[in-house]
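One structure below.
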Amino acid sequence: MTIQELLAGRAAEAFNQLFGTVLSPSDFTIQRTVINFREQGDFSLVVFPLLKLSKKSPEETARLMGNKLQEITDEIESFSVIKGFLNLRIKQQFWVDFITKKYTNTSFGLKKPEGGKPVVVEFSSPNTNKPLHLGHIRNNLLGFSVSKILEANGQSVKRVNLVNDRGIHICKSMLAWKLFGNNVSPESSGKKGDKLVGDFYVLFDKKFKEECGSLVAKGLSEEEAGNRSNLMSEARNMLRKWEQQDPETRALWSMMNQWVYKGFEETYRQLGIVFDKTYYESETYLLGKKLVDEGLKKGVLFRKDDNSIWIDLTSEGLDEKLLLRADGTSVYMTQDLGTAQLRYDEFNPSEMIYVVGNEQNYHFDVLKLVLKKLDKEWADHIFHLSYGMVELPEGKMKSREGTVVDADDLIEEMKVTARQMTEELGKIDDFDSEEAVRLYDTVGLGALKYFILKVDPKKNMVFNPSESIDFNGNTGPFIQYTYARIKSVLRKAEGQDFTMQGSVTLYPKEISLSILNYMFPQVINDAATEYSPSVIANYLFELAKEYNQFYHEHPILKEENTNSKDYRLALSVLTASVLKNGMKLLGIEVPERM
RNA sequence: GGCCCUGUAGUUCAAUGGAUAGAACGGAAGUUUCCUAAACUUUAAAUAUAGGUUCGAUUCCUAUCGGGGCUACCA
């Protein structure tokens with residue numbers, strides 16, 4: 001239980017005794033006293049919402065509550081009333097006891113998964129025709145971090161990936177390889193598999209444009225040129241062959257996809273991401289037709305004259321939506337319906353989270369509505385974790401202009417920057433080379449991950465590589481650095497066998513640092529309900545900053561009073577533990593020294 | 001056109017309907033060398049506009065104006 005929950009419970013009790021009305025603790029807003037009134041108290045109860053029931057003025061209500069609380073509890077030192085705010089000062093002994101109890105617990109704030117119904121988190125979902133880029137990085141980091149946060153709340157989680165490995169776009173790169181590839185492979189070219197395939201996709205586009213250009217020069221319109229293009233019709237032909245299970249086409253498809261997977265695997269490894277299960281659209285794209293039949297029988301769907309099947313969502317403010325083409329083949333929506341059902345049957349989840357970019361908001365609105373109309377009660381437990389685009393300081397990434405930032409290149413660049421900065425300062429001259437490389441990885445990736453995760457997912461954001469790796473400011477390296485520094489302090493204090501003593505006189509600063517005691521579990525909780533790692537990221541920064549201030553005012557190793565030194569060391573242990581656990585929830589490592 | 005998201009210091013980000021809108025980077029001034037990439041203190045600087053609901057609005061509602069996205073028998 002957090003201190004806030006405890007106080008809310010006490011407040012409910014006090015209110016009941018005073019006014020004879022039974023309210024639940026959640027009816028009481030207990031907040032951290034705002035900084036300017038910290039002299040008045042540690043926590044504040046907002047009494048405005050209670051006035052209708054108390055039938056007294058704000059001041060009077062607050063005063064009565066304050067008296068009653070002090071009477072019936074033993075946590076409160078004193079209180080003051082300012083307008084409708086009842087400021088409560090918590091007894092110092094309470095803090096000390098609280099910290100004493102917690103500081104040896106290194107998994108502070110985290111729970112073990114309890115089993116029960118899992119939450120399925122789908123993320124990443126790449127196409128096999130091009131390598132991962134900066135946008136995918138945001139997706140992967142969000143999905144992975146959200147899954148970690150849910151686990152820290154005791155939730156069991158299934159991480160799933162749905163690979164888009166079929167379709168006309170895949171055929172384009174296959175065709176380009178067949179026509180212009182000269183049997184090149186990742187081994188023979190030394191290129192990463194996903195890059196190689198991506199290059200052929202680009203090559204197809206280039207050749208296709210050339211062909212169209214020459215057709216237009218002969219007097220065709222652009223649309224006609226597109227339709228008359230040999231390349232495009234060959235690609236379509238290839239897709240048909242693929243669907244007819246043509247062995248040669250399938251073999252080529254399979255070979256090139258394997259190249260890509262090997263490349264993806266490497267990128268995932270770099271990012272520290274793993275999945276419990278990977279689905280392939282080639283295996284799931286025919287699903288969903290059963291659901292369409294079901295819908296037809298129920299009269300939820302209708303058939304047009306050309307035999308295509310639709311759902312009418314105009315009464316919900318959306319459009320009519322196609323679910324099956326006239327020739328009976330399915331579309332994206334159809335297979336997503338099927339995949340959702342498959343996943344539901346397979347995991348019996350309490351919730352299904354889809355980490356997908358916000359350009360698909362409409363798609364997911366429709367998906368949920370259709371499922372609801374099919375009487376799938378679990379449609380309400382589908383959550384689209386929608387996130388915004390990542391832009392660069394120079395502007396938007398555009399594949400046409402070649403400004404797409406490749407994931408691997410970016411990761412490499414971050415590591416190189418970390419190395420350069422470290423070498424310039426000569427901070428780790430005593431590290432062996434293996435240790436040093438590990439540090440560069442940790443810092444480079446930490447910078448990247450933190451910078452992306454600290455932003456509210458639904459907002460578009462600007463990623464600035466050089467700013468992200470700054471060792472000052474709201475950055476990953478700053479937090480890593482703070483952690484390493486605490487560890488260094490603790491190493492030097494080792495052998496002194498410190499313990500917490502109740503007699504310590506606390507300084508206001510130290511009390512404010514100790515907010516971590518009630519806030520960390522709360523923060524994880526909030527982050528889980530909002531599916532937002534940014535909550536945790538920003539909290540960790542606040543904590544690290546506060547520790548630095550604290551350290552500046554109370555240089556621990558120079559402290560001569562044993563009691564207060566012990567207290568501060570214990571606080572350092574606790575802070576380090578929260579920083580480490582918190583960063584873990586973001587998928588970020590912290591170095592023991594740097 | 002319709003639908004969805006979004007608009008906060010110069011910039012990048014915060015703020016369950018609560019007190020005087022917080023930080024960081026950058027700018028200006030100063031203190032210090034404490035363990036580690038310096039730190040600390042002070043300072044200037046923002047809620048797009050107009051209404052509404054409320055004891056109280058950055059937050060909720062309406063309109064207007066900006067930015068982004070969706071509006072495929074592509075996935």
Side-chain angles (χ1 to χ4, degrees), chain A residues 26 29 31 33-37 40 44 46-49 51-52 57-58 82-85 87 125 127 129 162 164-170 281 285 304 306 308-310 317-319 321-327 329-333 335-336 357-366 386 388-389 391 393 396 418 421-422 424-428 443 451 454-456 458-464 467-475 477-478 480-482 484-489 491-492 522 526 529-530 534-535 537-539 541-542 545 548-549 551-558 593-594:
Chain A
S26 57
T29 29
Q31 62 193 40
T33 301
V34 290
I35 193 85
N36 314 54
F37 292 93
Q40 310 284 331
S44 301
V46 185
V47 301
F48 289 111
L51 300 182
K52 274 186 189 135
S57 72
I82 297 174
K83 292 193 272 181
F85 298 90
N87 303 311
S125 311
N127 289 333
N129 63 334
L162 175 57
N164 178 354
D165 62 345
R166 61 162 283 280
I168 188 78
H169 49 296
I170 313 291
E281 282 195 11
Y285 80 107
K304 284 198 175 171
D306 66 355
S308 59
I309 295 174
W310 297 72
L318 305 177
D319 303 322
K321 192 81 192 168
L322 176 86
L323 292 180
L324 229 44
R325 295 190 186 100
D327 62 6
T329 57
S330 56
V331 292
Y332 177 40
M333 183 60 71
Q335 67 174 283
D336 243 17
N358 62 9
E359 69 274 10
Q360 293 199 32
N361 285 355
Y362 181 74
H363 173 79
F364 279 95
D365 287 347
V366 173
S386 156
M389 278 186 316
E391 296 174 22
K396 223 181 278 184
M421 291 174 80
T422 307
E424 264 170 41
L425 287 157
K427 290 288 172 190
I428 56 162
V443 172
F451 199 90
K454 76 174 180 187
V455 182
D456 184 348
K458 69 170 180 269
K459 291 189 177 177
N460 288 354
M461 66 170 292
V462 175
F463 175 71
N464 184 332
E467 209 172 281
S468 76
I469 207 161
D470 198 333
F471 282 78
N472 279 302
N474 191 355
T475 66
F478 173 72
Q480 291 172 321
Y481 161 73
T482 304
R485 189 157 109 160
I486 295 175
K487 293 307 262 191
S488 170
V489 167
R491 271 194 298 276
K492 291 196 173 150
Q522 187 66 47
D526 290 350
T529 48
E530 295 172 25
S534 64
V535 174
N538 285 299
Y539 168 73
F541 172 62
E542 288 301 319
K545 202 173 55 171
N548 279 325
Q549 273 172 31
Y551 182 80
H552 175 76
E553 284 178 33
H554 311 287
I556 293 163
L557 296 171
K558 291 199 163 172
R593 56 195 197 116
M594 61 190 283

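Scope of the values below: all heavy atoms of this structure, side chains included, with no hydrogens, waters or symmetry mates.
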Looking for any heavy atom pair under 4.0 Å, which part of the strands does A:Val46 touch: base, sugar-phosphate only, or nothing? base
Tell me which of A:Phe451 and A:Lys83 sits closer to the 5' end of RNA chain B, going by the nucleotide each one is nearest to. A:Phe451
Is it the case that the base of B:rA19 and the side chain of A:Ser44 share a donor-acceptor contact (distance under 3.5 Å, atom types as modelled)? yes
Classify A:Asp526 by what it touches in the nucleic acid, base, sugar-phosphate, or nothing, heavy-atom distance under 4.0 Å. nothing
With a centroid cutoff of 5.5 Å and a plane-angle limit of 30°, would you call A:Phe48 stacked on B:rG56? no
For A:Ser44, does its backbone N or O pair with a side-chain atom of A:Asn87 as donor and acceptor, under 3.5 Å? no
Does a side-chain N or O of A:Lys458 approach OP1 or OP2 of B:rC4 to a distance below 4.0 Å, or not? no
Under 6.0 Å from the ring centre and within 45 degrees of the ring axis: does the NZ or CZ of A:Lys304 meet both conditions for the six-membered ring of A:Trp310? yes
Candidates B:rU12, B:rA37, B:rC73 - which lies nearest the side chain of A:Trp310: B:rC73
Within the 4.5 Å heavy-atom criterion, are A:Asp336 and A:His363 side-chain neighbours or not? yes
Can you tell me the distance, in whole Å, between the CG atom of A:Leu51 and the C1' atom of B:rU54? 13 Å
Criterion side-chain hydrogen bond (donor to acceptor under 3.5 Å, both in side chains) on A:Asp456 and A:Ser534, from CA distance to verdict: CA-CA 6 Å; A:Asp456 184 348; A:Ser534 64; 5.2 Å; no
Of all the choices, B:rU36, B:rA19, B:rU16, which nucleotide is nearest to the side chain of A:Thr29 once you look at every atom? B:rU16
Is the ring of A:Phe85 stacked on the base of B:rA19, with centres less than 5.5 Å apart and planes under 30° off? yes
What nucleic acid atoms does A:Tyr551 come within less than 4.0 Å of, heavy atoms only: base, sugar-phosphate, or nothing? base
Only Watson-Crick and G-U wobble pairs with both distances less than 3.5 Å should count. Give RNA chain B in dot-bracket notation, marking inter-strand partners with |. (((((((..((((....[...)))).(((((.......)))))....(((((..]....))))))))))))....
Quick one: is A:Lys459 getting a side-chain N or O under 4.0 Å of the B:rG7 phosphate, OP1 or OP2? yes
Separation of the P atoms in B:rA23 and B:rU43, to the nearest angstrom: 11 Å
A:Ser308 and A:Leu322, any side-chain heavy atoms less than 4.5 Å apart: yes
Taken in chain and number order and not counting sequence neighbours, the residues that satisfy side chain to side chain donor-acceptor pair (under 3.5 Å) with A:Thr475 are none
Is the side chain of A:Asp327 donor-acceptor paired with the backbone N or O of A:Thr329 at a distance under 3.5 Å, no angle test? yes
Per atom distances to the A:Asn538 side chain, the nearest of B:rU71, B:rC73, B:rC13 is B:rC13
Tell me: CZ of A:Arg593 to P of B:rA37, nearest whole Å? 15 Å
Check whether any side-chain nitrogen or oxygen of A:Arg325 sits under 4.0 Å from OP1 or OP2 of B:rC74, and answer yes or no. yes
Out of B:rA38, B:rG69, B:rG18, which nucleotide sits closest to the side chain of A:Glu359? B:rG69
Would you indicate what A:Ser534 reaches in the nucleic acid, counting non-hydrogen atoms under 4.0 angstrom: base, sugar-phosphate, or nothing? nothing
Would you mind classifying the nucleic acid contact of A:Asn87 as base, sugar-phosphate or nothing, using non-hydrogen atoms under 4.0 angstrom? base
Would you indicate what A:Val331 reaches in the nucleic acid, counting non-hydrogen atoms under 4.0 angstrom: base, sugar-phosphate, or nothing? sugar-phosphate
For the side chain of A:Ser308, starting at C-beta, report the closest nucleotide among B:rA24, B:rC73, B:rC13. B:rC73
For a quick check of understanding: with a heavy-atom distance under 4.0 Å over all strands, which category does A:Asn464 fall into, base, sugar-phosphate or nothing? nothing
Those residues at least two apart in sequence (or on a different chain) that pass salt bridge (charged side-chain N to carboxylate O under 4.0 Å, His left out) with A:Lys487 are A:Glu592
Sugar-phosphate only, base, or nothing, as touched by A:Gln360 at under 4.0 Å among non-hydrogen atoms: base
Evaluate the criterion side-chain hydrogen bond (donor to acceptor under 3.5 Å, both in side chains) for residue pair A:Tyr332 and A:Glu281; output intermediate values, then yes/no. CA-CA 10 Å; A:Tyr332 177 40; A:Glu281 282 195 11; over 6 Å; no
Of A:Asn358 and A:Glu542, the one whose closest RNA chain B nucleotide lies more 5': A:Glu542
Under 4.0 angstrom, heavy atoms only, what part of the nucleic acid is A:Tyr362 near: base, sugar-phosphate, or nothing? sugar-phosphate
Taking the minimum atom-to-atom distance to the side chain of A:Pro49, which one of B:rA38, B:rG18, B:rC35 wins? B:rG18
For A:Ser386, answer base if it contacts any base atom (sugar-phosphate contacts may also be present), sugar-phosphate if it contacts only those atoms, and nothing otherwise; contact means non-hydrogen atoms under 4.0 Å. nothing
What's the closest nucleotide to the A:Arg485 side chain, out of B:rC13, B:rC35, B:rA19? B:rC35
Please answer whether the main-chain N or O of A:Ser386 pairs with a side-chain N or O of A:Asn361 as donor and acceptor at a distance below 3.5 Å. no
Quote, to the nearest angstrom, the P distance that separates B:rC73 from B:rG67. 28 Å
Nearest listed nucleotide, side chain of A:Phe37, among B:rA23, B:rA37, B:rU20: B:rU20
Base, sugar-phosphate or nothing for A:Met594? Non-hydrogen atoms, less than 4.0 Å. base
Side chain of A:Ser488 - closest among B:rC4, B:rC73, B:rC35: B:rC35
Nucleotide nearest A:Val455 when distance is taken to its side chain, options B:rC70, B:rA37, B:rA14: B:rA14
